[in-house]
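A short worksheet on the structure shown next.
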Amino acid sequence: MTSLETLKLKLERVPVVSGGQAVRISLLSLVFSFIIFSIFLSIEGANPIDAYSNIFSFALDPNLGLPTTLHRGLFLLFSTLAFVVAYSARLWNVGMEGQFYLGTIGAFAVAYSLPELHPAILIPLMLLAGAIFGAGYGALAGFLRGKLNVNEVVGCLMLNNIAFWLVYLLTVGGPWAGIAESTSRPLPPNAHAPIISYTPFTSYLAIGIAIVLYIFLSKSVVGYKIRVLGNSPTAAQHIGINAPRTYILVMTIGGAIAGLSGYHMWAGDPAFLMIPRPEAYKAIGDLTYWGLIIGLVCLLNPVAAIPTSVFIGSIMMGSTVLVRRLRLPFGLDVLFLGLVSITFAAFQFFYMYKVRRMK
Amino acid sequence: MHREVGRGEAILEVRGLTKIYPGGVVALDNVDLEFKSGEIHAILGENGAGKTTLMNILFGVLQPDRGEIYVHGRKVRFRSPLDAINMGIGMVHQQRKLIPAHTVLENIILGHPEAGKILDFKKVRRDIEELCRKYGFKIDLDARVWQLSAGEQQLVEILRALYRGAKILILDEPTSVLTPLETEAFLTSLKSMSRQEIALVPFVTHKLPEVFAISDRVTILRRGKVVKRIETKDATMKALAEHMVGKEVLFVLSKPKVSIGGEILKVENLSAMNDKGLLALKNVSFTIREGEIFGIAGVSGNGQQELAEVLAGLRRVETGRIIFMGRDITNASVLERLKMGIGYIPSERLGVGVIGGFSLAENILMSLYFDKEFVNRGLLNYKKIREYAEKVISEFEVVAPSINTKAAYLSGGNLQRLVLSRVIPKTSKLLIANLPTTGLDIAATEYVRKRLLECKEKGMGVLLISDDLDEVLQISDKIAPIYEGRFVSILQAEEAQKEVVGAMMTGAYSER
């Protein structure tokens, strides 16, 4: 016997992960992050069980956190779907941020220039403009990738930066500047959207899009072509699928979905009805990157993304009580969110490998 | 760790090796083996016989479920290939593990324990040159790997293993990518290594004659068990093949008599570039008629790949014309050609012919998605697709639990059956088969050839591209040896002699 006898674990590559396994792994990752965060809570002198029950009772209380939970959660769903459709062709759409800003510009431009229109016309028009602006921005990155072979990650990130400053130009001292410092002026009354059981109607739109996207990807010819291309560009070429055109298509669809979230975020929520200060709209823009994590954890299944997005939304909303209600130090709420995201991402490992004990 | 060993001493021994994969597949069942220094001990077996598993266990990639490994009589356990390397085991992979942009020297020292520290290139170079002298290898240490031929790249892998002190070399299908000339040189170098008391373990699926030429001992695996151990001098090639497949092997397929019909494909003065932008296919002209198999014999890399791709619409034509059923399709798209009834069996199965993450039904769909019969207002008609997939999968004897099984779980021969079941039923006129049997075991090879002959019987034209000369001679009606992008000749099968075709495809033949 030699010293080589010590290690008892062995990794094995899993060819394909099934949906059931993915759910188990994701739940396990959540439990893990909750345990880790309990340690931090204990260090700060809080009772973890007490803290968790506070988090979720606040986040899910219709009179307290629920509206924001749903609003933010379904905002994440828009980003997730925008990521999923492009990633089905294995394009990394990290341009949801920029597409979201562009969608904001599109929607607000319509509202500011046609304030007298009847809401039944104005609101759909705002949505349409948001989708078109986002789609165009997505298509731009798709075109650069499809026709000129510019890496879509680099393209998207640069476009994101441009989009941020476009919004800045319009709001901070620009044509849309409001009375308050650095925000846009409020939307005209005709642009105020209805709220249906605690949440803007666009939340239901997001759920509808998720279902349509699911059917589109799994049952339609175009969806099939997208998935073949995503799994193997060479195979796609061999059966006559036009890769550049498909790349542009997925980025356009993704951009349109992310563009809609511009309306959902600022025009849908009665708490805003304007574009807030740059730090505030940038902070929301940063949230769009959750779309990557949720999309990958859900194995690109748009329907699975619905509950996952709302769940992340509930943690986002609920963790704020740690500071406000339990008087714990600032930053602990952000830490919780970070832990959840990092364990989610780290547990992706088990989508690809299985740990086996050696005898 | 590397003590000097005498000739004939057992370097590596395994006892009772058993490996069971999740799902209950017994890949190795109680295998005992012994590898002695200075001996060439070939392991033979079909695909699925357990060779790859055995190789991976010997090199520390996989761990056995039961059984022991002994190095120089000491019991060991390999956690990873690094342990195996440190114990003096070297591996020469079929898929080369080299960095193409680096030089030979850099590739050899890559991963060497000393390489993490300050490199003394002069000393390393002296050592490697010494090794080359000792074994009679000839190689330019400053050449970049991408410039080397397949045989030279193999040599680099061998040198790397030897430089790390390997006393036993595992060789995975060592001659599969070599030209006949390279093979000869390679076999000579194996001999010289074995004289230097290195144990050599080639793993072989096909190319039995070469095993015969050099090995001292042969062990045959079938379905994870050792079915035969024999000294090469006592064996016959036919007996080895029989033990491998476990039944009488049909080395000769009968070619059905089919009347040759009208012209399907006419290629005129076709030229095309390869990926590097060099002219790879030069002025090729030929015709294929109904019921005819047109075989192209050649060593890989002589323009066959480019020809297949040009005909399938995957590569641009530089000059020349392609006429299919009287229509000029020189610039037709891939999809147009598929719709016209041109089928293409690509040389790569997983990732091109089929997609691993897709179910069998979704894979079959690759040849249906543009067919109106299976599409209803932009949506796929999964009921019809499933019915169709069930039908072709049973017709082509793809072995799988159901049509929802992912293709990634199929073995080599089964994968190719899946490719055939996808392509052939949707091909009406012309089938392009690019290396359809490469890497398959004997039974699967025979199956593929039978299917190609069936296509001929149905009156299709078949373009067969193969690097197996026997295959081309056996089932083609016309044979075109290809060398450096040109057809050396186009011969009728009856008048083609193996030696002549062999000489033509290696450039050794010149018409004077």
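Since this is a predicted model, take the numbers as computed values, not measurements. So you know, we letter chains A, B, ... as the sequences are listed, proteins then strands, and number each from 1.
Interface residue B:V61: only backbone heavy atoms are found under 4.5 Å from chain A. With a 4.5 angstrom heavy-atom cutoff, B:F374 does not touch chain A via any of its atoms. Within the 4.5 angstrom heavy-atom criterion, atoms from both the backbone and the side chain of B:E362 approach chain A. Heavy-atom distances place the side chain of B:A408, and not its backbone, under 4.5 Å from chain A.
Atoms CD and CD, from A:Q237 and B:E309 in turn, are 7.5 Å apart once rounded to the nearest 0.5 Å. We find the CD1-CE distance between A:I241 and B:M366 to be 7.5 Å, quoted to the nearest 0.5 Å.
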Next on the checklist: For a side chain to side chain contact (heavy atoms under 4.5 Å, CB included) check, start with the C-alpha distance between B:F358 and A:V228, then their side-chain angles and the critical distance, and finish with the verdict.
Outcome noted: CA-CA 9 Å; B:F358 274 15; A:V228 172; 3.7 Å; yes
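The nearest pair of heavy atoms linking B:L380 to A:Y224 is CD1-CB, 3.9 Å.
The residue among A:V222, A:V221, A:N242, A:T234 with the most heavy atom pairs within less than 4.5 Å of chain B is A:V221. Comparing B:L335, B:L62, B:N376 by heavy-atom pairs within less than 4.5 Å of chain A, the highest count is held by B:L335.
With contacts defined as side-chain heavy-atom distances shorter than 4.5 Å, the pair B:L314/A:H238 qualifies. The closest side-chain heavy-atom distance from B:L379 to A:K219 is below 4.5 Å. Side-chain contact between A:I239 and B:Y369 is present, with at least one heavy-atom pair separated by less than 4.5 Å.
Contacts between residues 338-355 of chain B and chain A, defined by a heavy-atom separation under 4.5 Å, are made by B:L338, B:Y344, B:P346, B:G351, B:V352, B:I355.
For A:F32, the CZ atom counts as loosely surrounded, since its 6.0 Å shell holds 12 or fewer non-hydrogen atoms of other residues, nucleotides or ligands. No more than 12 heavy atoms of other residues, nucleotides or ligands shown are found within 6.0 angstrom of OH on A:Y214.
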